[in-house]
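A short worksheet on the structure shown next.
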Amino acid sequence: MLDENPFGSFKKECEETLKTVIKKLYPEFQIQKLVLEIPPNPQYGDLASSICFELSKTYKENPETLASKILNEILKLKFNLIWKVETLRGYINFFVNLPKLAEQTVNLAEKLKKEFGLVKTEKPEKIIVEHTSANPSGPLHVGTARNAILGDALARILTARGHKVKRHFYVDDVGRQVAIVAYGYRLLGEPKIKEKPDKWLGFIYTATNCAVEIKTLKEKIAKTQNQEELERLKRRLDEYAAVAVELESTHKEEFYKILDGVNSDPNPNQTIEKIIVNYEKGEKETKRLVRRIVKECLKGFRETLKKAEISFDSWDWESSFVWSGKVWEAIEKLKKTPYTFTRDGALVFNVQLAAETLGVKQKIFGESLFEVPQLVLVRSDGTTLYTTRDIAYHLKKFEWADRVVNVVGVEQKLAQQQLKTALLVLGVEKALNSLIHYAYELVKLQDYRMSRRRGKYITFDELIDEAVAMALNEVSKRSLNLPEKQKQKIAKAVGIGAIKYTMLSVSATKTVVFSWDKVLNFEANAAPYIQYAHARASSILRKTKIKPKKPDYALLQNPLEKQLIIKLSMFPEVFCEAADNLKPELLAEYSNSLADAFNAFYNKLPVLKAEDKALRDTRLKLVKTTKIVLENALNLLGIKTPGKM
RNA sequence: GGGCCCGUAGUCUAGCUUGGAUAGGACGUUGGCCUCCGGAGCCAAAGGUCACGGGUUCAAAUCCCGUCGGGCCCGCCA
């Protein structure tokens, strides 16, 4: 691995050097940690250690004296990638042998090309990445887009690391939301679907839900005496009335048909529940209706995801785990443990007791002493709940997988913890460390909260279409002589790249406040900036037929060249860290800083018109390496790198 | 009531796991740069009580305790 990681080799050498010397001078000193860090200023070297501050505690000498003693010993050793070592104010500063580092990096990149930096793990695992898994009752929106983009990047990164990765989409077809759509669709007389199906079904969902809410709220208001409660109900009714006005304006005829249907139904909620129960039973007519709707919705999802170049290996239907009896098998097994009991006809899982008995309470739920809420597994009417079915699903996942990464919103944290506990009860021991909830925060809108129920959301389609249109406009301004088809291709790469970068560059634990301005401002967004750096590198390489034969890396003396070489040499390390810690944002940030280094280099130093041939050849090598690294890095994030833009 | 997450210039954001030298970057603002490989670019300037208060340490944005703001969860919803 070290041969494939130039900067890592340098770091390793610094570590070894320090260890050797400290062991010699202070044999009894236990090195706790030997962290080498990148100094704040290049004049302090390329890597530095503050170990002397640590030593000074034990040996009561001041760090500067210790540093010079250590330096004395270091200078007796032979170096490979280390060029020189200095001390300053107690720090030991290592300077890299730049020509050597450059040569190694460039040669590796030339040899490995698309594989450069993608260092393979020593312990390949079978990993399932479950992501997106949007409820099939309406279109993907900007929130699920964040999920899809994160999940897709994680899958790409883990695959590149040498793991066997499968991407799964969990189709949540069992449950209330889909049942509501089924109800509404039936009220409409099951018409042929004309527009994009997920969008159309999203309308039916919102309209039906709205009609049911209005009816239910009116009934409650008629019965309520409590003034405060009455006010609350009236406010909600007003909200849904507003939603109704909007729905009426888009699909008037259909909306009234649904409204009338719901109003003439003596008990709509009961009708919806009946759909849920019948579907779970696998009753023929309900099955036909629901499956039809969900299939249509998934068609819409696929179309959207295809535009974003996000694909899946498996679509796992929740219902299949119910019908195959797998859910009940799991329930029966849990029933036999001491951790379940019956309450008011429902089957309840005592998560707290199970976690404590298995000794995993702290590990799963943290240090605090709080009482873990119990989990209802089976309703008193005999139907199952989401998390129950998820248990069966995960038993299946772990039959194949060594590790399961679930890209699921942070609001489901408790459910994921309860799920993990259940799996441990059922004997899936690897779930303890290998069931990973990759939690991400929600995407919010500036003025209002997104709400599927109220039909207030920005769809992934709208987002893509707007961004691509905007990009096409920009491309047309700049590259007038390109054929239309190529312009469109570039616009797609730029527009979608901008969306993906926006989602990937913010840590998953932070809420994203969505604004059109942020995504569509290509000046501010880093994706077009990075792609531009890549296009410039490509342009240089396009313009020359020179195959640099005799580069001389000692000629690279300019700080801008140095900065670029160091950045390039760090790519394998950044990649490994991103992959092993599931941190795509590291690659986003890295790509941006590499583009910075390249753009600065490009602006100041001529490549093809360099002062002499050897220098030209050497710089050409750097350009080539930059192109390779930018491609590899962005590719891991699912972002394209067009040669022209 | 309990648990978890977030708080860094006017705005957005990195760094927090593993404490280290001058807190990186972007938008916006101000001022420069196309006889030179693509100006979606480059250079420079201004802008910070790292929410607040304690503590640990030679050293705290980073670790610990507390406070305040914002969010999420604690459903026979998903």
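Since the structure is predicted, the reported quantities are computational estimates derived from the model, not experimental observations. Basis for what follows: all heavy atoms, side chains included, without hydrogens, waters or symmetry-related copies. A note on names: the letters A, B, ... follow the listed sequences, proteins ahead of strands, and every chain is numbered from 1.
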**OP:** With heavy atoms under 4.0 Å as the rule, sort A:Pro373 into base, sugar-phosphate or nothing.
**Re:** sugar-phosphate
Original post:
NA contact type, A:Ala346, heavy-atom cut-off 4.0 Å: base, sugar-phosphate, or nothing?
Top reply: base
**OP:** Using a 90° cut-off around 0 for syn, call B:C42 syn or anti.
**Re:** anti
**OP:** Please determine if a side-chain N or O atom of A:Lys444 lies less than 4.0 Å away from the OP1 or OP2 oxygen of B:G70.
**Re:** no
Subject >> N/O donor-acceptor pair, side chain A:Asn93 with base B:A21, under 3.5 angstrom >> reply: yes
Original post:
Which part of the nucleic acid, if any, lies within reach of A:Asn62 when heavy atoms closer than 4.0 Å are counted: base, sugar-phosphate only, or nothing?
Top reply: nothing
**OP:** Check whether any side-chain N or O of A:Arg478 sits under 4.0 Å from OP1 or OP2 of B:A40, and answer yes or no.
**Re:** yes
Original post:
Quick check: does any side chain N or O of A:Arg379 sit under 3.5 Å from a backbone N or O of A:Leu385, one acting as donor and the other as acceptor?
Top reply: no
Original post:
What is the nucleic acid contact for A:Gln412, judged by heavy atoms within less than 4.0 Å: base, sugar-phosphate only, or nothing?
Top reply: base
**OP:** Would you mind building the protein contact string for nucleotides 59-68 of chain B? One character per nucleotide, 5' to 3', B for base within reach (heavy atoms under 4.0 Å), S for sugar-phosphate only, - for untouched.
**Re:** ----------
**OP:** Determine yes or no for a side-chain-to-main-chain donor-acceptor pair under 3.5 angstrom, with A:Thr421 supplying the side chain and A:Gln417 the backbone.
**Re:** yes
**OP:** Classify the nucleic acid contact of A:Ala535 as base, sugar-phosphate or nothing, counting any heavy atom under 4.0 Å across all strands shown.
**Re:** base
**OP:** Using a 4.0 Å heavy-atom cut-off across all strands, classify A:Leu605 as base, sugar-phosphate, or nothing.
**Re:** base
Original post:
Does the gap between the ring centers of A:Tyr170 and A:Tyr393 come in under 6.0 Å?
Top reply: yes
Subject >> Given RNA chain B, 5'-ward residue of the pair A:Arg542 and A:Asn592, judged by closest heavy atom >> reply: A:Asn592
Original post:
Listed by chain and number, what are the salt bridge (Lys or Arg N to Asp or Glu O under 4.0 Å) partners of A:Lys567, not counting sequence neighbours?
Top reply: none
Original post:
Base, sugar-phosphate, or nothing for A:Tyr532, non-hydrogen atoms under 4.0 angstrom?
Top reply: base
Subject >> Carboxylate-amine/guanidinium proximity below 4.0 Å for A:Glu15 and A:Lys11 >> reply: no
Original post:
Hey, does the side-chain of A:Thr509 have a donor or acceptor N/O within less than 3.5 Å of a partner on the base of B:C6?
Top reply: no
Original post:
Under 3.5 Å, is there an N or O donor on one side and an acceptor on the other linking the side chain of A:Ser539 and the base of B:G38?
Top reply: yes
Subject >> Residue mapping more 5' on RNA chain B - nearest nucleotide basis, A:Glu474 or A:Leu560 >> reply: A:Glu474
Original post:
Within the structure shown, what part of the strands sits under 4.0 Å from A:Ser593 by heavy-atom distance: base, sugar-phosphate, or nothing?
Top reply: nothing
